[in-house]
Amino acid sequence: MTTQTEIGKTLLPEVQAFLSKKVHGAVIGGQEVTASNGDTFDTRDPGTGEKLATVSNMQPDDVERAVAAAQKAFDETDWARLPVNERGVHLMRLADAVEQRKSIIAQIEALDSGKIEAQAADDVQNFIDTIRYFCGLAQGLSLDTAIPVAGHEASVVRHAWGPCGFIVPWNFPFLLCGWGIGPAMAAGNTCVVKPAEDTPLSALYMAHLAKEIGIPDGVINVIPGVGEVTGAALSQNPNLCRMSFTGSPEVGRLVARECGQNLIPVKLELGGKGAAVIFDDVDIPEAADKLAQAITFHAGQVCCDATRWLVQKTIYDDFVNAAVDRLKAVQIGHPLGDGTQMGPVVSEVQYKRVLGYLEKGTAAGAETVLEGGAVQVEGCAGGHYVKPALLAGSLDNVAAREEIFGPVAYLASFNDESEGIRLANNTDYGLANSVWSSDLARCKRVASQFETGNGWINSHNVVVHGVPYAGVKKSGMGGGVGSLETLLDYYRNISVIRPL
Ligand code: NAD
């Protein structure tokens, strides 16, 4: 049993108890079940490389059972038919229960994903806020809305769809689980969640909690497993009503193809290669500080991060010097360590990917402005730690074009506003860019011209409930999450009409 990390921090007793389970099974129809063939995989603490837990690798027949359990809950419990305020009571209870266990879930999340404990706690709070936000939004939504048209009596009537699938990545496991199930459940749907194999634990903990507080069995099913088995089986299941996938464009394409075969509507939230366009009237130390924070936030494993820093030529050297100083000061350590500002990347695979891009980028001619690369953290020999890096040069470089998903930013300069916008938009991705200037009219003008789902001003990674968050181009399709747009997706509409 894991009671203490290698860094010497004693875990919360509830976390110890949770991690001491021999095998973490799926939660299907309110029951904990192991895989039909007994297969398992291990999940590890990225900060030490130590095994955290053994988890069931759910097989295609298990996935079928999970979707059937979600259908049964939809058909046979009151869940979908409850008045929206009564369903809201369940959701508020779930949010409250998660809030009461915030420190436990945050510690589990920090250990499983490698994000620092305070950021994991923010993610748990975001889950709580998401559930409460959609619960409130659903209360105010008319389920039978008259449409005033000449010569007809018409209305649109909204129903929940049924079982909905969610495939979630490892970078924001708990937060993204909330973004998925929050609107779906508020509308009365039932859920089957496939967490990433690197980070299955927080969703499993939540599924047990949901049972404990009386959410009907089968409303939330969580099926851990590896992507090619469990994820593939879920995306191929013809009995889902909707699918939401968050992850890489490569897997997003596979999932969309499978859902397309079954004509199941799919929402894709994919990767990014965001730009920060920095004009010469900024407060240089402040902008450098905020962008250094952005690129080191969760070790740069953030889809909407600013990974291309486009700096107006007149301040390029001053800005770069300020950013280098700031990044050199970042304290790298174990996610549970006191004073840690940046933790490890999630896995050995991700560690090799980041180091590989640094090598490929420099081999293709990028200048190393700040040398990153592997770093050891005392007492954490098996951890996957990398230092922040800055590269510079041609924006055709592989490190400037492809998503690295580590604490690496690529620098280039521009002369004027139109060039800044053009360079920012010259990418296959379209998730989020930011503009930095003390001229707010210019900021609004530039942000509005980004070919992205999100344009941020004098800040980066600005995600707020109520404002649609979505990607265009290779970054996704299917509308903005965290907003009314997503809630509406989880209703099936019927237009009812009578000629007068
Ligand atoms: P990934 O695509 O490898 O995996 C995502 C999920 O898909 C995991 O649960 C995985 O098990 C599953 N999966 C893998 N193969 C599958 C298959 N063949 N069929 C079905 N499911 C399969 O992505 P990742 O490495 O976990 O996450 C990082 C990526 O996610 C990055 O590209 C990042 O930008 C993106 N992301 C996007 C957003 C957003 O909101 N746009 C948010 C977070 C992460």
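If you read the sequence from its start, that first residue is 1, and numbering goes on from there. For ligands, and for the atoms within them, numbers begin at 1 and follow the listed sequence.
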Which bit of [X] is near ligand 1, meaning a heavy atom under 4.0 Å away: side chain, backbone, both or neither?
X	answer
Asp198	neither
Val302	neither
Val255	side chain
Glu403	side chain

In terms of side-chain geometry, is the basic nitrogen of Lys211 or Asp217 positioned less than 4.0 Å from the acidic oxygen of its partner?
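Between Asp217 and Lys211 there is a salt bridge, with a charged N closer than 4.0 Å to a carboxylate O.
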
Salt bridge check: are Glu99 and Arg132 linked by an N-O gap of less than 4.0 Å?
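Yes, this pair counts.
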
Centroid separation under 6.0 Å, is that true for the rings of Phe18 and His24?
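Aromatic pair counts; centres sit under 6.0 Å.
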
Does Trp179 have its ring centroid less than 6.0 Å away from the ring centroid of Tyr133?
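No, they do not, as the ring centres are separated by 6.0 Å or more.
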
CA sep, side-chain torsions, deciding dist, call: Gln59, Ser36, side-chain hydrogen bond (donor to acceptor under 3.5 Å, both in side chains)
CA-CA 7 Å; Gln59 300 299 303; Ser36 57; 5.8 Å; no

When you check the side-chain N and O atoms of Asn397 and Ser394, is any donor under 3.5 Å from an acceptor?
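No.
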
Would Asp42 and Thr54 count as having a side-chain donor-acceptor pair, cut-off 3.5 Å?
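A donor-acceptor contact under 3.5 Å links the two side chains.
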
Closest non-hydrogen protein atom to atom 24 (P) of ligand 1, residue and atom name please, with distance?
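Atom 24 (P) of ligand 1 sits closest to the protein heavy atom Trp170 NE1, 3.3 Å.
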
Say whether Phe172 and ligand 1 are in contact under the criterion: heavy-atom distance to a ligand atom below 4.0 Å.
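Contact absent.
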
Heavy-atom nearest neighbour of atom 9 (O) of ligand 1 within options Val168, Val349, Leu254:
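Nearest heavy atom to atom 9 (O) of ligand 1 lies in Val168.
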
Who's closest to atom 5 (C) of ligand 1 heavy-atom-wise, of Asn454, Thr246, Val251?
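Residue with the shortest heavy-atom distance to the ligand atom: Thr246.
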
Return a yes/no value for Ser248: is any of its N or O atoms, backbone included, closer than 3.5 angstrom to an N or O of ligand 1?
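The answer is yes, given that Ser248 and ligand 1 share an N or O pair closer than 3.5 Å.
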
Is a side-chain N or O of Asp305 found less than 3.5 angstrom from the main chain of Thr307, in a donor-acceptor match?
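No, the answer is negative, given that no donor and acceptor are paired below the 3.5 Å cut-off.
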
Provide the number and element of each atom of ligand 1 under 4.0 Å from a heavy atom of Gly231.
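Per the distance check, 19 (N), 20 (C), 21 (N).
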
Residue Glu197 vicinity, atoms of ligand 1 by number, heavy atom under 4.0 Å:
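Counting atoms of ligand 1 from 1, those under 4.0 Å from Glu197 are 10 (C), 11 (O).
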
Strictly less than 4.0 Å: does any protein heavy-atom distance to atom 34 (O) of ligand 1 fall in that range?
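Yes, there is a protein heavy atom closer to it than 4.0 Å.
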
